[in-house]
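Source: prediction; values computed, not measured.
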Amino acid sequence: MRVALLSDIHGNSVGFEAVLADIERAGGVDAYWILGDLVALGPDPVGVIDRLMTLENVHLVRGNTDRYVATGDRPPPTLADVQARPELKPQFIEVEQTFAWTHRAIAEAGRLSWLQALRLELRVILPDGTRFLGVHASPGRDDGDGISAGMSDPELESILRGAATDVLCTGHTHRPMLRKVGHSTVANLGAVSLSATSDKRSSYALLTATSAGYSVEPRLVDYDIERVIAMLEKRKHPGRAFIIRHLRTT
């Protein structure tokens, strides 16, 4: 069994297509396991959903930004934060307009119920009996601090025990990580879009699993960032100034 593991597409169909092309060059996969933040903070949320719907054997979980789009929840700052600190008002307005823009695009395309149906986690038993858990941020959560390289082995061991899993795979932080913890594995897939590292390539991983065991191979893929920026400008994305800064920051 060979599986593509990816997260944090963020409405970036250009980066997503680059990853899909790399998967095919690598020999293809039997399934796609995709761990949330699919549509917000990019110029083409509907294009990403439509492409996801063409994939065979795809399993999806919800990210925090998917929840914001689907339910009307929002990240900070809140209205109460703005009332206490008026200087936060421009940030509050940009956040609200960004998620409202994405919600409107998806609703007009008739895809909102699809987004609302996403689940919180993916559990699979691999061919050798290994327990796999895929979540967006951390077990039981689609938000928060997530799983990062700064965590100690004892911290990660405690999370693995509490989640009853042998392989924990996440996204959310936009920083890739692959760590062996005893006989278990913790992998953060990084991000297809909006990497939080100096390397702005799309990050994902390939999982190979047989009755003899499993392996996780991290991969990085170039994509046309300037094309994404042109799409943001053309579609007048309300959060484009912030997103473009993030795409170009080294």
(message) If I compare all heavy atoms of V48 with all of F16, which pair ends up nearest, and what's the gap?
(response) O-CE2, 4.1 Å
(request) Using modelled atom types only, decide if a donor and an acceptor are shared between the side chain of R123 and the backbone of R131 within a distance under 3.5 Å. (result) no
(request) Compare every heavy atom of V69 with every heavy atom of A40, then report the nearest pair and how far apart it is. (result) CB-CG2, 3.9 Å
(request) Measure from the side-chain N and O atoms of T98 to the backbone N and O of E94, and report whether any donor-acceptor pair falls under 3.5 Å. (result) yes
(request) Any ring-ring contact (aromatic ring centres under 6.0 Å, His included) involving residues 215-243? Give me the pairs, sequence neighbours left out, ordered by first then second residue. (result) W101-H237
(request) Find the distance between CG (D22) and OG (S202) and round it off to the nearest 0.5 Å. (result) 9.5 Å
(message) With rounding to the nearest 0.5 angstrom, report the CD1 to CG distance, I49 to L115.
(response) 5.5 Å
(request) Just do the side-chain contact (heavy atoms from CB on, under 4.5 Å) check on N57 and H59 with the steps written out, would you? (result) CA-CA 7 Å; N57 201 11; H59 298 275; 3.0 Å; yes
(message) Are I159 and V186 packed together at the side-chain level, in the sense that at least one heavy-atom pair is separated by less than 4.5 angstrom?
(response) no
(request) Ignoring hydrogens and angles, tell me if any N or O in the side chain of T54 forms a donor-acceptor pair with the backbone of R51 under 3.5 Å. (result) yes
(message) Under a 3.5 Å distance rule, please check whether D8 uses its side chain to pair with a backbone N or O of S193 as donor and acceptor.
(response) no
(message) Using the rule that Ile, Leu, Val, Met, Phe, Trp and Tyr join whenever any side-chain heavy atoms are under 4.5 Å apart, tell me whether L194 and I229 fall into a single cluster.
(response) yes
(request) Could you verify whether a donor N or O on one side chain and an acceptor N or O on the other, from D128 and T130, lie under 3.5 Å apart? (result) yes
(message) Please give me the minimum heavy-atom distance between G190 and S203, naming the atom from each residue.
(response) CA-OG, 4.0 Å
(message) Could you tell me if the side chain of R85 sits less than 4.5 Å from the side chain of P77, heavy atoms only?
(response) no
(message) Is it the case that atom CG in D199 sees more than 12 heavy atoms from other parts of the structure closer than 6.0 Å?
(response) yes
(message) Do V14 and L52 land in one hydrophobic cluster if side-chain heavy atoms of ILVMFWY residues count as linked below 4.5 Å?
(response) no
(request) Determine, using the 4.5 Å side-chain heavy-atom cutoff (strictly less than), whether V29 and V19 are members of one ILVMFWY cluster. (result) yes
(message) Quick one, P176 and P218 - any side-chain contact, counting heavy atoms below 4.5 Å?
(response) no
(message) So, applying side chain to side chain contact (heavy atoms under 4.5 Å, CB included) with I34, which one of L5, I9, V61, L122 is it?
(response) I9
(message) Within the 4.5 Å heavy-atom criterion, are Q91 and V82 side-chain neighbours or not?
(response) no
(request) Could you tell me whether R248 and E226 have a side-chain N and a carboxylate O separated by less than 4.0 Å? (result) yes
(request) Take L60 and D66 through the test side-chain contact (heavy atoms from CB on, under 4.5 Å) and record every step on the way to the result. (result) CA-CA 11 Å; L60 305 163; D66 302 316; over 6 Å; no
(message) Could you measure the distance from the OG1 atom of T173 to the CG atom of L189? Nearest 0.5 Å is fine.
(response) 9.5 Å
(request) Please lay out, stage by stage, how V124 and V3 fare under the test side-chain contact (heavy atoms from CB on, under 4.5 Å). (result) CA-CA 12 Å; V124 180; V3 179; over 6 Å; no
(request) Indicate, with yes or no, if M1 and Y32 share a hydrophobic cluster defined by side-chain heavy-atom contacts under 4.5 Å among Ile, Leu, Val, Met, Phe, Trp and Tyr. (result) no
(request) With the side chain counted from C-beta on, respond yes when T208 and E217 share a heavy-atom pair under 4.5 Å apart, and no when they do not. (result) no
(request) Give a yes or no on whether the backbone of Y68 and the side-chain of R74 come within a donor-acceptor separation of less than 3.5 Å. (result) yes
(request) Going by the side chain to side chain contact (heavy atoms under 4.5 Å, CB included) test, name the single residue among T165, L133, L35, D142 that passes it with E121. (result) L133
(request) Anything under 30° is parallel, anything over 60° is perpendicular, the rest tilted; go ahead and classify W33 against F132. (result) tilted
(message) Please give me the minimum heavy-atom distance between M231 and S13, naming the atom from each residue.
(response) CE-OG, 4.0 Å
(request) In sequence, state the C-alpha distance, the side-chain angles, and the governing distance for L168 and V135, and then conclude on side-chain contact (heavy atoms from CB on, under 4.5 Å). (result) CA-CA 8 Å; L168 174 61; V135 296; 4.1 Å; yes
(message) Is a donor from one side chain sitting under 3.5 angstrom from an acceptor on the other, for R219 and Y204?
(response) yes
(request) Find the distance between CG (L156) and OG1 (T185) and round it off to the nearest 0.5 Å. (result) 11.0 Å
(request) Could you tell me whether the side chain of K200 and the main chain of T197 form a donor-acceptor pair under 3.5 Å? (result) yes
(request) Give a yes or no on whether L41 and I244 share a hydrophobic cluster (residues Ile, Leu, Val, Met, Phe, Trp, Tyr; joining criterion: side-chain heavy atoms under 4.5 Å apart). (result) yes
(request) Flag the pair R62 / H136 as yes when at least one side-chain heavy-atom distance between them is below 4.5 Å, and no otherwise. (result) no
(message) Just by distance, no angles: are the side chains of H10 and H246 close enough, under 3.5 Å, to form a donor-acceptor pair?
(response) no
(request) Say whether, by atom type as modelled, one donor and one acceptor occur between the side chain of N188 and the main chain of I147 under 3.5 angstrom. (result) yes
(message) Using a 3.5 Å distance criterion without hydrogens, assess whether the side chain of R179 forms a donor-acceptor pair with backbone atoms of M151.
(response) yes
(message) Using only atom types and a distance under 3.5 Å, with no angle test, would you say the side chain of S138 pairs donor to acceptor with the backbone of R141?
(response) no
(message) In the structure I gave you, are the side-chain heavy atoms of D224 and V228 within less than 4.5 Å of one another anywhere?
(response) no
(request) Rounded to the nearest 0.5 Å, what's the gap from CG on N12 to CG on D44? Could you check? (result) 8.5 Å
(message) To the closest 0.5 Å, what do you measure between CG (L79) and NZ (K89)?
(response) 10.0 Å
(message) Using side-chain heavy atoms (C-beta onward) and a distance below 4.5 Å, is W114 in contact with I106?
(response) no
(request) Looking only at non-hydrogen atoms, find the nearest pair between L232 and G42 and report the distance. (result) CD2-C, 4.1 Å
(message) Salt bridge or not between D30 and R2? Use side-chain N to carboxylate O under 4.0 Å.
(response) no
